[in-house]
Structures are given as structure tokens and as C-alpha cells.
Amino acid sequence: MHEISHALLKWYRKHQRSLPWRGEIDPYLVWVSEIMLQQTRVDTVIPYYLKWKKRFPTLQALAAAPEGDVLLLWEGLGYYSRARNLHLTAQLIHEKYGGVFPQDPNRLRSLPGIGEYTANAIASICFAVPLVAMDANIKRIFARLMDFEEPLTSQFAKTQLANFGRTLLGEINAGDLNQALMDLGSSICLPGDPNCELCPLSPYCVSHQNGTQTQRPVMKKKKEIPTYQVVAAAIINEHGEFLLAKRPKGGMLPGLWEFPGGKVEAREDDPTALLREISEELGTSILIGKKIGGYRHAYTHFRVVVRAYLCTLDGPAPQALEAQEIKWVTREQMQGFAMGKVDRMIARDLCGMGSILL
DNA sequence: TACTCGTGGAA
DNA sequence: TTTCCAAGAGT
């Protein structure tokens, strides 16, 4: 074990990546980077991290910001509850901890959006607490080093991984170990086709010796994902403003703005579905005009094919029956409202349409 | 335990 | 085009 960590740190000293948050010890910034990096690639995170650091340089700046600003900066990163939890936790630390980041992993763990991984990452990197931050990279590396033959989802597997990590850690600095393993996992010990020839740990890797490295870790097969047909209405009023709805809490994309609409049910055509959705969501009716565009998008558990139509109101004033809030906004104002990918594409196409006539 | 929650890049 | 899946958390 001692030899493994020695070989790893020797490799890390030479090959570690240069990243905007690498070497950072301000727990606020380490926290922000760790949250952004959850399920998200480094190359995607970097521009967001730099923007964030500029706009919200301190925990106090974040705590004082309006939620709309936070979501707008986050737009495009996905998993938007991360942004709301950052905001929430900043306010919580500001109020309950006097703005000082807690160091105790258990206390960190109790904050919204901080789970076991992130708590251990912050504690190890900022405060040298001796804990392994068990992310997907580290699990994969450990599973290969051990040639672990089962999926990693069981409690038994988690115990095995934790024991292996504790032994490997020994007296090494945990922040260095964690970041070294993550760099190795992202550049050498890749999920699909690991570069074992370049790996400093291959002499100690059981799956490499057994030739099973591409089969580790054993993954459970995932179920198929459905595709839904969806319609959306860009309702324009006499001032050239469009109706946006703020999505409800609890579902997808909470707090983000969208064009009203929804799923086309079985045996419905687009107009029928759209009129039904507008009635349910806004308590009014519309006239459906020309098609703005068609959009394909893949979420984690389903795909959608969205068709958006230019519409006008044909009934009483719309009410926010399901949305948190509704608002008439000009095309120019729309970029100031945080949206998911599909609605942003619709908004973009709307802006490219020039003068609009039904 | 298993499912929900986004998006984009790579193969 | 499709599939995979990335520094996970919450329920």
C-alpha cells in the first residue's frame, strides 16, 4: 500500500493538471468548484467557475445575491438544484456560522447539497482532514486495483472500497491523495480504455495483471429511456411581449423560466395538447399560429421532441395555476431569465425571426 | 436500493 | 445516429 501511494504521488508531482481551483485553499472556492464538478466535466466547469469567482467572489457576495442571478449564471451547467443549494447554504453559513466555513466533515455533510463525497473533499483539501473523497474516479481505480468482481452499489462493495481507501491513505495528505487519484482517473485510468502502459500503478493493479481492466468496475445495465412528444407556446401580446412561466419547485428545472406547454398525450395532436396544457396551466385559451421550430433534447431519464408554436391569447388574462409566477417579457429581456436548454433554443429562434406577423 | 435530477463531449 | 457517462445529492 505504501508503495502504491508513493508511486501515485511521484506521478502526481510531475503530471498534475493545472486547474483554476488547483492549489486553492479558500473553502468557499473549493466548495464552489466541487459542486460544479459533480457529474460535470472539467472543461465544462472552467468557464463557469471563472465567471462565478468574478461575480460572487466571496460567500457574503453569494449570500446577498438574488436567486435569479445565481440561476442565470448557472444556466447550461445542469442539475440546477446545485445552484439553489449553493445559494441556500451560503445564506445558512452566513447566518448560523457567522460566515465562517465549518471544518468538521459531519457539519459540512449536514449542509444542503453537500454529501459524503463533497464533505470529504472540502475537509481533506482545505483542512487536511484524513478522509478519502470517494468519487467515481477513485471508485473505478480502487475497483481495478482490487479487481473487484461485483457492481459497486452494494453496502458490501462500499465497505470494501472504504477499507481499501483508508489503508492506502495511511499517513499521506488526503487532499493530495484525492486530487492525485482524480487526475489519474481522468487522464490514465479512463472508464472505457485505460492507458495502463502509462499508469504508475499498473505494477500493483490486479485487474491489469488479470487483463480485466476494461471490465472493471462491473456496471449494472441501465433501463431504456422513453421519448416524449412535447409542445410549447410562445404567446405574444399586442406589445410584442412573450409569456414566460417560472417552473414549479419539486420537478424538473425548478425556478427556471419556460414557454408554457407540455407533453402530448396518446391520441392527441399538437393543437389539442397545447390547448389542454394552456387551459390547465394558465386557465385561458390561445390561437395557434405558425410553427417556430422543432427541437430534440436528451435528459438523463428521457428524451423529448419539442415543437414550438407562435400563439396569441384568445381568452381571459392568464393565471399562474401551476407556475411559481408568469411574466410578459420582450425578446431583448429574455436573455435575463434563466432557462433550460430547450427553452433557450426556442428563445434564440424567436429572436432570429425578425418582425413577427401571424 | 433505486430513482430523479441536465448537459455536452467523445467514441 | 446512438450510447456512454462525468470530482453526486436527495429522496
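These figures come from a predicted structure and were not determined experimentally. A note on names: the letters A, B, ... follow the listed sequences, proteins ahead of strands, and every chain is numbered from 1.
Distances shorter than 4.0 Å separate some side-chain N or O of A:Tyr80 from OP1 or OP2 on B:dT7. Here A:Lys222 does not reach the OP1 or OP2 of C:dC4: none of its side-chain N or O atoms lies under 4.0 Å away. The phosphate of C:dA7 (OP1 or OP2) has no side-chain N or O of A:Gln38 nearer than 4.0 angstrom.
A perpendicular orientation is assigned to the rings of A:Phe337 and A:Trp257, their planes being inclined by more than 60° (bins at 30° and 60°). Using cut-offs of 30° and 60° on the angle between ring planes, the pair A:Tyr228 and A:Phe302 is tilted.
The distance between atom CZ of A:Phe302 and atom C1' of B:dT4, rounded to the nearest whole Å, is 10 Å. Whole-Å rounding puts the A:Asp343 CG to B:dT7 P distance at 9 Å. Atom P of nucleotide B:dT4 and atom CG of A:Leu253 are separated by 15 Å, given to the nearest angstrom. One can place NZ of A:Lys139 at 9 Å from P of C:dA9, the figure rounded to the nearest angstrom. Here the C1' atom of nucleotide B:dT7 and the CZ atom of A:Arg303 are 14 Å apart, to the nearest Å. A:Met182 places its CE atom 5 Å from the C1' atom of C:dA7, with the value rounded to the nearest Å. For the pair A:Arg41 CZ and C:dA7 P, the computed distance is 8 Å after rounding to whole Å. Summarising the geometry, the separation between NE2 on A:His301 and P on C:dT3 is reported as 16 Å, rounded to the nearest angstrom.
You'll find a donor-acceptor pair under 3.5 Å spanning the side chain of A:Arg17 and the base of C:dA7, going by distance alone. With hydrogens and angles ignored, no donor-acceptor pair closer than 3.5 Å exists between the side chain of A:Thr44 and the base of B:dG9. A donor-acceptor contact under 3.5 angstrom links the side-chain atoms of A:Thr300 to the base of B:dG6.
Comparing B:dC3 with C:dA7, their P atoms are spaced 23 Å from each other, to the whole Å.
Of the residues in residues 184-202 of chain A, none has a non-hydrogen atom less than 4.0 angstrom from any atom of DNA chain B. Non-hydrogen atoms lying under 4.0 Å from DNA chain B are contributed by nothing in residues 105-137 of chain A.
A:Ile225 comes within contact range of no nucleotide atom at all, as no heavy-atom separation falls under 4.0 Å. The residue A:Met252 sits close only to the backbone: its heavy atoms come under 4.0 Å of sugar-phosphate atoms, none of a base. Across all strands shown, A:Gln179 has no heavy atoms under 4.0 Å from either base or sugar-phosphate atoms. Within the 4.0 angstrom heavy-atom criterion, only backbone atoms of the sugar-phosphate kind lie near A:Lys220; the bases stay farther away. Residue-level contact check: A:Trp21 touches the bases, meaning some heavy atom is under 4.0 Å from a base atom. Among the atoms of the strands shown, base atoms are found under 4.0 Å from some heavy atom of A:Thr40.
Considering every non-hydrogen atom in both A:Leu274 and A:Cys311, the closest pair reads CD2-SG, 4.2 Å. Closest non-hydrogen pair, A:Ala174 versus A:Ser124, comes out as CB-CB, 3.7 Å.
The side-chain heavy atoms of A:Lys246 and A:Ile326, taken from C-beta on, include no pair separated by under 4.5 Å.
A:Lys51 forms a cation-pi arrangement with A:Tyr48, by the criterion of a distance under 6.0 Å to the ring centre and an angle within 45° of the ring axis.
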